[in-house]
Amino acid sequence: MGLPAGANLEILSPAEMAEADRLAIAAGPLDGYGLMQRAGEAVAAVVLARYPAASRVHVLCGPGNNGGDGYVVARLLAEAGVSVAVWAEGEPRAGSDAAIALAGCRLERRPLEAFIAEPGSLVVDALYGAGLSRALSGDAARAVEIAAGLSVVAVDLPSGVSGESGEILGTAFRAAATVTFARKKPGHLLLPGREHCGEVMLADIGIRNEVIEQVAARTFENEPELWLSNFPTPAVDTHKYKRGHVSVFSGGPSATGAARLSALAAARSGAGAVTVLSPANAMQVNAAHLTSIMLRKADTVEDVQEVIGDRRPSAFVLGPGFGIGDKARDFTLGVLARKRQDAGVEGLVLDADGITSFRNTASTLSEAAGRPDAPALIMTPHEGEFSRLFPDILGDKKLSKLAKARAAAARANAVIVYKGADTVIAAPDGRAAINANGAPWLATAGSGDVLSGIVAALLAQGMQAFESACAAVWIHAEAGRRFGPGLIAEDLPLALVAVLRELVEARQKVPIG
């Protein structure tokens with residue numbers, strides 16, 4: 001799916017950003033120092049606008065291009081009449097853009113080992129940025145301690161935060177604001193790095209969108225612009241089955257609530273018909289709590305196949321409160337065995353007990369999902385569930401959360417929603433999105449069941465699997481954020497309504513095609 005013009009949702013790894021710089025310089029008209037000058041101007045503008053009362057600005061410069069940006073910042077602030085001190089670690093390589101920037105900065109340069117800062121001053125962190133791959137130590141680590149009680153503006157990324165993974169490399173600056181260039185990096189969105197960035201501002205330094213397109217990024221920030229053009233809105237002549245039919249599998253008589261939460265969320269999210277598929281011994285319990293949501297018995301795989309043949313549900317949810325074991329595996333494989341075109345089943349959302357049931361037979365699940373004509377499989381694991389299916393991937397300390405989600409998606413032939421405050425959505429084809437609007441209020445029992453229902457509803461209404469998952473994660477988080485303190489899972493389906501209404505209105509303004 002193409003991005004809307006100007007959306008700037010691509011996320012570039014440090015290596016991809018370096019390639020974008022190279023391509024931009026080759027295309028002109030700006031050379032490397034020209035880009036550095038633009039970057040310095042952007043940071044200086046933020047400092048002047050946000051911190052006009054700072055008694056002094058301390059600019060910390062490393063030996064590379066990040067330090068070169070810092071020398072430009074220091075020069076421009078001094079020219080604007082600001083009291084500036086420059087502290088340097090290392091020497092720029094002779095003939096480099098950073099060396100040119102240093103030559104243009106006439107301010108006294110003091111060694112970072114002597115860095116001190118008075119109360120009320122501001123620190124501009126231009127030490128290492130997104131490309132750092134080793135732990136911050138020595139004078140740089142000491143500078144982090146000194147800056148701890150001061151306002152910090154970071155250039156590109158707070159030094160000590162991995163641009164690739166968001167991990168803290170030893171220690172890291174905590175910035176009030178971070179100014180980055182062209183596109184965000186994974187470290188701006190993945191935890192714990194995101195918490196060190198403060199407000200992230202994206203500056204245009206002259207790297208054109210055509211250059212970014214050449215990099216062919218496969219990672220995006222999960223915002224509505226990413227999937228809004230595919231968001232379902234009902235036509236005037238629609239009827240309930242045109243809006244999609246979701247079937248949610250229920251657990252036994254003492255474990256029915258999770259399925260009903262999923263079902264209600266699916267109904268609120270636009271599915272025209274929703275059915276709870278219940279074991280016979282839980283029919284009465286479910287019937288006592290359902291009104292607009294339909295109910296049907298499903299004790300065996302044959303019952304499930306009969307439902308598919310009779311009612312042609314577009315999407316299924318299996319896992320919430322269902323129970324772990326053979327029945328969960330049999331029902332899952334039974335749904336995935338249907339041919340998408342013949343049965344009309346667009347996909348299956350597998351969560352909770354459904355995921356855990358395959359902990360010792362993960363290859364069976366991936367083989368079923370990998371058939372060319374199989375319904376789409378979307379799995380929504382939190383870290384514990386992820387570890388049951390992908391223990392080796394989770395245990396690989398070289399992989400970021402983003403890389404782990406990608407590896408799991410490729411192995412499972414499924415869209416993976418790797419949940420958390422920095423949820424990552426990954427598709428088998430390599431696309432991935434990082435979500436950043438998560439709210440702590442969603443850390444409540446049943447919240448994930450609601451998310452599964454939203455995913456299934458969007459899938460049933462015709463969104464593709466990856467886009468359905470991305471949209472559902474954002475909508476779920478936005479509803480939780482708006483509700484705020486006191487949220488419990490039962491509140492979420494109704495809290496979705498205002499968010500969905502705004503999205504439908506926004507979608508109607510998006511040009512078709």
Side-chain angles (χ1 to χ4, degrees), residues 1 218-220 222 227 246 248-249 262 314-320 322 324 328-340 343 345-394 399 401-420 423-435 448-449 451-460 463-473:
M1 181 183 74
R218 302 287 281 166
T219 308
F220 305 94
N222 188 29
W227 36 262
V246 172
V248 182
F249 290 98
S262 286
S314 317
F316 288 84
V317 176
L318 192 150
F322 189 80
I324 299 167
R329 289 190 293 273
D330 291 345
F331 278 20
T332 297
L333 298 175
V335 171
L336 292 176
R338 297 303 296 254
K339 292 184 177 180
R340 187 184 304 195
V345 179
E346 292 300 324
L348 167 68
V349 182
L350 197 65
D351 186 26
D353 292 347
I355 294 172
T356 302
S357 292
F358 284 92
R359 67 184 308 165
N360 297 316
T361 55
S363 60
T364 303
L365 180 63
S366 64
E367 287 168 10
R371 285 192 305 103
D373 54 357
L377 175 62
I378 301 173
M379 292 196 283
T380 59
H382 55 56
E383 186 162 300
E385 291 157 353
F386 190 99
S387 71
R388 290 164 202 152
L389 234 56
F390 312 107
D392 57 325
I393 294 174
L394 184 68
L399 299 178
K401 183 172 184 176
L402 174 63
K404 289 173 182 176
R406 271 203 172 101
R411 180 186 295 178
N413 296 309
V415 172
I416 298 293
V417 178
Y418 189 176
K419 293 186 293 195
T423 294
V424 176
I425 307 100
D429 64 9
R431 288 176 297 161
I434 304 173
N435 199 68
D449 305 327
L451 174 62
S452 294
I454 304 169
V455 178
L458 297 177
L459 191 63
M463 286 188 88
Q464 296 299 305
F466 178 69
E467 286 79 3
S468 294
C470 289
V473 167

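Keep in mind that the numbers below use all heavy atoms, side chains included, and drop hydrogens, waters and symmetry copies.
Using a 4.5 Å heavy-atom threshold, the side chains of Arg340 and Asp373 count as separate. Two residues are said to be in side-chain contact when any heavy atoms from C-beta on lie closer than 4.5 Å; Phe390 and Ile416 meet this criterion. With a 4.5 Å cut-off on side-chain heavy atoms, Ser262 and Val248 count as touching. Contact check for Leu348 versus Thr332: side-chain heavy atoms found under the 4.5 Å cut-off. Side-chain contact between Thr423 and Val417 is present, with heavy atoms from C-beta onward closer than 4.5 Å. Side chains of Leu377 and Leu365 form a contact here, defined as non-hydrogen atoms less than 4.5 Å apart. Two residues are said to be in side-chain contact when any heavy atoms from C-beta on lie closer than 4.5 Å; Glu385 and Thr356 meet this criterion.
A salt bridge does not link Glu383 to Lys401: none of the charged side-chain nitrogens sits closer than 4.0 Å to a carboxylate oxygen. Note on Asp392 versus Arg411: salt bridge recorded, some NZ/NE/NH1/NH2 to OD/OE distance being below 4.0 Å. Checked for salt-bridge contact, Asp353 and Arg329 miss the test: no charged N lies under 4.0 Å from a carboxylate O.
Across all non-hydrogen atoms, the minimal contact from Val317 to Ala456 is CG2-CB, 3.5 Å. Contact between Val415 and Phe466 at its shortest, heavy atoms only, is CG2-N, 3.9 Å. Of all non-hydrogen atoms in Ala469 and Ile378, the two that sit nearest each other are CB-CG2, 4.3 Å. Across Lys419 and His382, no two heavy atoms sit closer than the pair CE-N, 3.8 Å. Between Leu458 and Ala472, the shortest heavy-atom contact is CD1-N, 3.8 Å. The two residues Ala460 and Val246 have their closest heavy-atom pair at CB-CG2, 3.8 Å.
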Could you walk me through whether Asn222 and Trp227 satisfy the side chain to side chain contact (heavy atoms under 4.5 Å, CB included) test, starting with their C-alpha distance in whole Å, then the side-chain angles of each, then the deciding distance to 0.1 Å, before giving a yes or no?
CA-CA 9 Å; Asn222 188 29; Trp227 36 262; 3.0 Å; yes

Please evaluate residues Ile393 and Phe386 with respect to the criterion side chain to side chain contact (heavy atoms under 4.5 Å, CB included), reporting the C-alpha separation (whole Å), side-chain torsions for both, the decisive distance (0.1 Å), and the verdict.
CA-CA 9 Å; Ile393 294 174; Phe386 190 99; 4.1 Å; yes

Should Ile425 and Phe220 be marked as a side chain to side chain contact (heavy atoms under 4.5 Å, CB included) after you check the CA-CA gap, both sets of side-chain angles, and the distance that decides it?
CA-CA 10 Å; Ile425 307 100; Phe220 305 94; over 6 Å; no

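Here the straight-line distance linking atom OG of Ser366 with atom CZ of Arg371 works out to 13.0 Å at 0.5 Å rounding. One finds the SG atom of Cys470 at 8.0 Å from the CE atom of Met463 (value rounded to the nearest 0.5 Å). How far CZ of Phe322 is from CG of Leu350: 10.5 Å, rounded to the nearest 0.5 Å. Here the CG-CG distance, from Asn413 to Leu336, works out to 10.5 Å after rounding to the nearest 0.5 Å.
Thr219 and Arg406 are linked by a side-chain donor-acceptor pair at a separation below 3.5 angstrom, with hydrogens and angles left out of the test. Between the side chains of Asp351 and Thr380, at least one donor-acceptor pair of N or O atoms lies under 3.5 Å.
With sequence neighbours left out, the ring-ring contact (aromatic ring centres under 6.0 Å, His included) criterion links Phe249 to Phe316, Phe331. Partners of Ala362 according to the side-chain contact (heavy atoms from CB on, under 4.5 Å) rule, which considers only residues two or more places apart in sequence or in another chain, are Leu389.
In this structure, the side chain of Arg359 does not engage the main chain of Arg388 through any donor-acceptor pair within 3.5 Å.
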